[in-house]
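Report on one structure; see the data block that follows.
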Amino acid sequence: MRTEEVLAATATGLWRWDNAAGTVWLDAEAARLLELPSEPGLLRESEVRSRFHPVDWNEIYGVVNLAVTEGTLAEARLRVVDERGRVLRTVRSRSRPLPPADGSEADYVLVGTLQEVAEPEPGAAGAQNRITGDWRRSREAFLLDAGRALAEARSTAEVLRVAYSLSMPGFSPEGLAVFGVEGERLTIVGHHGQHAGDEGPFDDMPLETDYPAAEVVRTGRAIYLPSPEDYYHRYPATWPLARRFGRRSWAFLPLIVAGRTMGAWMAGFRHPVSFSPDERSVLTTVARMLAQALARAGIAETERELSQGLQRTMMPSLLPSIPGMTVAARYVPTGGGLQVGGDWYDMIPLPNGRVALVIGDVQGHDVRAAGLMGQLRIALRAYASEGHRPDAVLSRASRFLSGLTDAHEDAEHTGPRFATCLYAEADPATGTLDIARAGHPDPVVMTPDGTAFIRQTAGGLPLGIESDTDYPTTRFTLEPGETIMLCTDGLIETGGHDLATGWVRLRPILERHTSDLEKLADALVEAVHGPGSHYTTGPLVDRREDDVAVLLLRRESPATRLTPPRRTAMTIAQAEPERIAAARQQVREMLHDWADPEQVDSAVLMISEMATNVLVHTDGDALMVAQASGEHGERRLRVEVADGSDELPHKRRPGEMASSGRGLVLMEMLADAWGVDPRGEGKSIWFELYESAEPAELVEPVEPVALVEPPAPEPEADP
């Protein structure tokens, strides 16, 4: 009896589907099953496709692609319909995809059988057709959830936890293991569902071992073992290792990324699994997603390790101790890429016993910015260690960066990089700070009672803009108990804030944490990167996030119950009259909790009068020193404005229509005390306000005079 007769007797036909040519060859029995003329022939694909249910025809593409990938048989149930769409019968196809004669990888030739199968009557017990119905919808929902969960995993351990927690529709593995490859050895990346130490025999296994995972890595093809008997007959050497886990079915699938097999995934089942085409399709899809997730997690972990190592190398360790001072620092890189950037801080012991505090920000958020930052930090340490003053250190650093960026400029970059920097030289014995600033934000000073205000300092251009630039130095004293904060603009502007709104956000943090510098540093970082920062976004919410560096220095105060005074000072140069507004703002911030707001307004007005008189009627600069001392509610404010002129102010009688000349009138009306103190070179004009004093009544004086320099030669000149 011929083979064709045997197949026809069992209602089994043969077919050959050429995907590249778009043709299907059917023998007589296969044509009969498809309700076509019962004779062998070559038909167009469209003619055969019209005999199948549309849903089943679409499904078979996925089954065939899975079989092509795994090199296994393609099995599917297909419903045969008539011209009206009524189901006539159900056939089962079992075919093997073969490469075409031309060797094309995109096409295939499917050779196999078609056999009629009996479907159970409605309501009768029987196997459900898994190609259609609720199982398909459950599978699609599961794959969507699995893809989302694996995409959100950020580490290898998290990926393994997600994979173990996946509940596959109709069948879920009881245990899983992920194998990796190191050279010619098979290793365990991670596992779930086993006890600690169970992975021992499988770790560090040669790839030539007769073990399913090793074969999967060697061949790149999946292996399904539906029963212990299948496992024993195919892999008798390693069956004793797997038998002790008490499982009934196993699936070993390759983990392939970019065409390279990076490992294998083992899914073990306590219950028997037949591994139908639909079940294999789910497992294969999960294996692909798992491979992508593990690759992403590996890259992320490598980047984190690299960035942390780079950060540890570039960020210095703070000095163990500074007599009479406490230091704290934080660095938070931006969220993207390698998490490195151009921000840095440094502490440098100087030859004269002082300590230099440096904070800066190189333009950019990439590896090149981090590299320039490292070179610039080394140069600054070298210049500072040579004993140069702050202005000379920054001038030399600017020349160094200018030459460095010019040498590295190429087509990939639009131009040379620049850097902002603040260099402060501190004397631990006296608390004196000499600050030079290169385009960097001003420091912030916090008094022991919690008052925080921006300390205005002179500054120059950012480093690297010009090769020959001067950087003026500002000197002031950090009183006992006071803290100075140096930070990059990322601390102020992160979260869509600008310099104004960012300062409003940070000031309550600075005023609330006054006892512990470490807690203050953590609170500052939490304010801009913690959960609460998402609800306090600024007006520039689309602004790119920036690195954050912050350096805190506190001069310790002696153990005393007396409230230390608040003190601030500022130089107002002839060429910078706009600094008068900064002086007014600085005094307002210092007196933020003064009992009488009208006295604060009076102090601000008198400061404007005294500083303006110096700039208008002398050739020198004005030095303003303000100090508030005493207990809260009984404090005394003393403000002095000094200049280099030896000529003392005198009284004048301004005319009725005069627009100026009433400085002394304001002093007599608003100040509780005032005066003029001659000095060796110049003079100092001062006034005092007492917090407990009653506001002075505005009484018109009998003989108003002005506090001015005597103009010459006109006696009625403007004060």
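The structure places CG of D516 at 10.5 Å from CG of L552, a figure rounded to the nearest 0.5 Å. Summarising the geometry, atom CG belonging to L670 is positioned 5.0 Å from atom CE belonging to M606; distances are rounded to the nearest 0.5 Å. Note: R579 CZ to M570 CE = 5.0 Å, rounded to the nearest 0.5 Å. To the nearest 0.5 Å, the span separating CG on L637 from CD on Q599 amounts to 8.5 Å. The distance from atom CG of L350 to atom CZ of R389, rounded to the nearest 0.5 Å, is 9.5 Å. Atom CE of M610 is separated from atom CH2 of W674 by 11.0 Å, given to the nearest 0.5 angstrom.
When side chains are defined from C-beta on, P390 does not count as touching I435, because their heavy atoms never get closer than 4.5 Å. Here the side chains of M347 and L357 are in contact, with some heavy-atom distance below 4.5 Å. V587 has its side chain within reach of M624: a pair of non-hydrogen atoms, C-beta onward, lies under 4.5 Å apart. Side-chain contact check for V358 versus W344: some heavy-atom pair is nearer than 4.5 Å. A heavy-atom distance below 4.5 Å is found between the side chains of C421 and L380. The shortest distance between side-chain heavy atoms of Y471 and S395 falls below 4.5 Å.
Closest heavy-atom contact between V550 and L524: CG2-CD1, 4.1 Å. Contact detail for P428 and P323: the closest heavy-atom pair is CB-O, 3.4 Å. Looking at every heavy atom in both residues, C487 comes nearest to L491 through CB-CD2, 3.6 Å. The two atoms that bring A328 and E518 nearest to each other are CB-OE2, 3.6 Å, heavy atoms only. Across all non-hydrogen atoms, the minimal contact from A384 to P351 is O-CD, 4.2 Å. Nearest approach of S684 to E640, heavy atoms of both residues: OG-OE1, 3.3 Å.
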- Could you go step by step and tell me if L615 and I580 meet the side-chain contact (heavy atoms from CB on, under 4.5 Å) rule? CA-CA 10 Å; L615 298 186; I580 296 178; 3.8 Å; yes
- Can W503 and L510 be said to form a side-chain contact (heavy atoms from CB on, under 4.5 Å), step by step? CA-CA 10 Å; W503 168 239; L510 296 170; 3.7 Å; yes
- Task: Output, in order, the C-alpha distance, side-chain angles, deciding distance and verdict of side-chain contact (heavy atoms from CB on, under 4.5 Å) for E425 and V393.
- Result: CA-CA 11 Å; E425 184 177 311; V393 170; over 6 Å; no
- Could you give me the CA-CA distance, side-chain angles and deciding distance for I484 and R555, then say whether side-chain contact (heavy atoms from CB on, under 4.5 Å) is met? CA-CA 9 Å; I484 185 171; R555 185 184 180 191; over 6 Å; no
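Formation of a donor-acceptor pair under 3.5 Å by the T501 side chain with backbone atoms of D498 is found in this model. Under a 3.5 Å cut-off, the side chain of E691 and the backbone N or O of W594 do not form any donor-acceptor pair. When atom types are taken as modelled, the side chain of E482 and the backbone of V445 share no donor-acceptor pair closer than 3.5 angstrom. R475 contributes no side-chain N or O that, together with a main-chain N or O of T432, makes up a donor-acceptor pair within less than 3.5 Å. Looking at R437, its side chain does come within 3.5 Å of a backbone N or O of H440 through a donor-acceptor pair. Proximity of a side-chain donor or acceptor of R377 to a complementary backbone N or O of L372 within less than 3.5 Å is not detected.
When each of L433, T473, D442 is tested with T457 by the rule side-chain contact (heavy atoms from CB on, under 4.5 Å), just one qualifies, namely D442. When each of L422, L551, I359 is checked for a side-chain contact (heavy atoms from CB on, under 4.5 Å) with T488, only I359 meets the rule.
Under the rule for a side-chain hydrogen bond (donor to acceptor under 3.5 Å, both in side chains), S398 has no partner lying at least two apart in sequence or in another chain. The side-chain hydrogen bond (donor to acceptor under 3.5 Å, both in side chains) search around R399 returns none, not counting sequence neighbours. Among residues two or more places apart in sequence or in another chain, the salt bridge (Lys or Arg N to Asp or Glu O under 4.0 Å) test is passed with D593 by R566, R635. Every residue meeting the side chain to side chain contact (heavy atoms under 4.5 Å, CB included) condition with R567, not counting sequence neighbours, appears here in chain and number order: E479, V625, Q627. Applying the side-chain hydrogen bond (donor to acceptor under 3.5 Å, both in side chains) rule to D391 yields no partners; only residues at least two apart in sequence or on another chain are considered. Residues passing the side-chain hydrogen bond (donor to acceptor under 3.5 Å, both in side chains) test with T568, sequence neighbours excluded: Q586.
E493 has no carboxylate O lying under 4.0 Å from a charged side-chain N of R505, or vice versa, which leaves the two without a salt bridge. Using a cutoff of 4.0 Å between basic side-chain nitrogens and carboxylate oxygens, D601 and R588 are scored as salt-bridged. Salt-bridge annotation for D643 and K683: present, with a side-chain N of the basic residue lying under 4.0 Å from a carboxylate O of the acidic one.
No side-chain donor-acceptor contact under 3.5 Å links T420 and D361. Side-chain atoms of T326 and E556 include a donor-acceptor pair closer than 3.5 Å. In the model, Y690 has a side-chain atom that pairs as donor or acceptor with a side-chain atom of E688 under 3.5 Å.
Counted within 6.0 Å of CD on Q574, heavy atoms from surrounding residues, nucleotides or ligands total more than 12; the atom is thus considered enclosed. Within a 6.0 Å radius of CG in D677, other residues, nucleotides and ligands contribute more than 12 heavy atoms.
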